[in-house]
Amino acid sequence: MTQPLLEARRLTFGYHRGDPAVEDVDLAIYPNDFLAVIGPNGGGKTTLVKLLLGLLEPWSGDVVYNLPGRKGRLGYVPQFSTFDKSFPLRVGEVVLMGKLGSRGLLLPYTRRDREEVDRVLARLDLTDLARAHVSEISGGQLQRVLIARAVISDPEILFLDEPTASIDAESRQSLTALLEDLNRRIPIVVITHDVTAIAPMVRHIACINRRLYYHAGGELDREMLEEVYGCPVEMVVHGVAHRVLHDHPQAHHHPER
Amino acid sequence: MHSLLHALSYEFMRNAVWAGVLAAVLCGVVGPFVVVKRLAFLADGISHAAFGGMGACFYFGLDPLLGAAAVALGCALTLGLLDTEAIRSYDAVIGVLWAVGLAVGIVFVYKTPGYAPNLMTYLFGNILLVSRHDLAVVVALAVSVLAILAVFYKGIVAVAFDEVFAKVQGAPVRVLLTLLFTMIALSIVILIQVVGIILVVALLTVPPVICLMFLKDLRSIIAGSVLLGVGMTLGGLALSYAYDLPSGPAIILLGAAVLAVVYAGRKLRGGIRPSWPT
């Protein structure tokens with residue numbers, strides 16, 4: 001098997017002493033992987049991703065990067081913007097910051113950087129907003145801006161935390177198309193409550209509720225979900241059968257879309 | 001007008017004007033970061049803590065301005081390199097530095113034998129007492145601040161805007177934050193000369209707050225704040241000379257009046273830009 005690009009070994013971390021939020025997690029991300037991270041609220045999904053990104057220091061265990069690029073760039077789209085929206089910057093300038101690490105800190109952004117910003121904005125239907133102030137755009141638009149910012153940094157692994165949460169159906173399509181494109185080159189890790197939205201692309205699923213319960217094929221079964229969520233889980237299949245959810249009796253009672 | 005021009009024939013008045021202009025330029029450059037990154041409490045804390053250095057230098061017969069610079073820099077480094085995970089909050093640390101610095105300064109001033117220096121001069125500043133030597137120090141500090149910003153602009157803006165993303169991008173967030181705090185600290189030392197310890201924070205915040213009501217991007221806000229700051233300082237100095245007012249408060253009150261008028265005008269015409277800090 002190919003070498004993983006990123007490997008977590010027995011990762012343990014918590015926000016309060018003696019109360020780990022993530023415990024003994026082993027996880028590997030392979031080239032061209034598409035990993036969906038699911039689990040209940042407070043189960044440690046975002047914490048796990050922050051550990052993998054190096055934003056949190058684990059109590060114990062290691063994250064080993066094996067990225068081909070010189071700088072080992074990672075892309076991150078947080079669930080909530082981590083900045084103050086009243087900051088006086090235009091959308092284009094926010095996206096441009098994705099180029100922060102590309103030429104060293106002391107050199108200014110280049111014209112090519114700006115052209116790349118224009119291309120990514122066009123790809124995500126944001127061209128009209130390039131000169132808008134970040135406080136003037138909607139939540140869904142902001143989320144697409146954050147995605148544009150992460151994509152433009154030319155990451156070697158892209159992490160997205162609930163990327164489809166506040167995005168309307170049309171934008172979701174351009175987002176999934178973009179992710180599919182990117183996934184030809186780089187692995188993508190998506191935290192989501194809504195696996196169906198990205199289902200056709202998913203190759204692995206990780207269920208986390210403090211411990212990592214499953215991380216192998218692209219299929220889920222009910223026992224596993226019940227173990228993770230700690231309660232009976234209703235499995236519902238929308239539309240055509242796909243790799244994430246088994247076909248099962250309930251599906252036939254559910255009206256097809 | 002004639003008497004104002006006449007005033008410029010005095011060296012102390014020319015020094016005052018130069019110091020005021022330099023201070024205003026720095027305020028315009030650094031102030032927007034203080035406002036948008038919400039560092040007003042940090043700026044105020046460093047300013048008060050610097051009094052400890054001034055008092056100590058006074059006691060040992062050294063230049064108080066250098067003492068202020070040393071302590072302000074020390075505070076910037078402490079706050080910049082502090083492990084934020086290990087401490088409860090920045091605010092508490094700033095509060096401690098603030099009180100301890102002020103207390104140390106008062107003890108030294110109290111124990112200084114002979115002529116007791118006028119505390120009011122430090123607390124409220126007196127730009128008319130800026131000497132040639134002070135002016136040289138002010139120029140050196142101003143050049144340092146502008147150099148730091150010119151070299152690290154991209155990184156400092158990124159960290160001021162979004163520390164988490166900057167860290168994911170591999171930027172040295174702690175170092176850049178420390179540089180930002182250092183710029184603020186050095187500017188404060190200059191501002192103490194002009195408006196005094198207590199009023200520093202007003203000169204840092206008033207011009208950018210006015211600009212934030214009209215302008216959308218950081219570069220134009222910096223440029224606007226520089227212009228407004230220079231206008232405020234020179235206007236305040238003129239008022240101070242013409243009506244025999246203390247210079248620091250005259251500068252601040254002029255700025256506050258402009259802010260009030262602009263804010264009311266915008267409000268009446270309906271619409272303050274959403275980037276007005278809330």
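In what follows, chains carry the letters A, B, and so on, assigned in the order in which the sequence lines appear, proteins first and then strands, with residues in each chain numbered from 1.
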Counting heavy-atom pairs under 4.5 Å to chain A, which of B/Ala160, B/Pro32, B/Pro172 comes out on top? B/Ala160
Taking the side chain as every heavy atom from C-beta outward, state whether B/Asp162 and A/Arg149 have any atom pair closer than 4.5 Å. yes
With a 4.5 Å heavy-atom cut-off, do A/Phe159 and B/Val168 have their side chains touching? no
May I ask you to test the B/Val157-A/Met97 pair for a side-chain heavy-atom distance under 4.5 Å? yes
Roughly how far, to the nearest 0.5 Å, is CZ of B/Phe165 from CG of A/Leu146? 9.0 Å
Quick one, B/Leu215 and A/Pro88 - any side-chain contact, counting heavy atoms below 4.5 Å? no
When rounded to the nearest 0.5 angstrom, what is the spacing between NZ in B/Lys154 and CG in A/Leu96? 8.5 Å
Kindly indicate, with the supporting measurements, whether the criterion side-chain contact (heavy atoms from CB on, under 4.5 Å) is fulfilled by A/Ser135 and B/Lys216. CA-CA 10 Å; A/Ser135 62; B/Lys216 284 190 188 183; over 6 Å; no
Atom CZ in B/Phe161, atom CZ in A/Phe87: separation rounded to 0.5 Å? 7.0 Å
Should A/Asp84 and B/Lys37 be marked as a salt bridge (charged side-chain N to carboxylate O under 4.0 Å, His left out) after you check the CA-CA gap, both sets of side-chain angles, and the distance that decides it? CA-CA 8 Å; A/Asp84 181 348; B/Lys37 184 109 179 107; over 6 Å; no
Find the distance between CD (B/Glu163) and CG (A/Leu55) and round it off to the nearest 0.5 Å. 11.5 Å
Under 4.5 Å to a heavy atom of chain B? For A/Leu53 that would be side chain
At what distance, to the nearest 0.5 angstrom, does CD of B/Gln169 lie from CG of A/Leu105? 10.5 Å
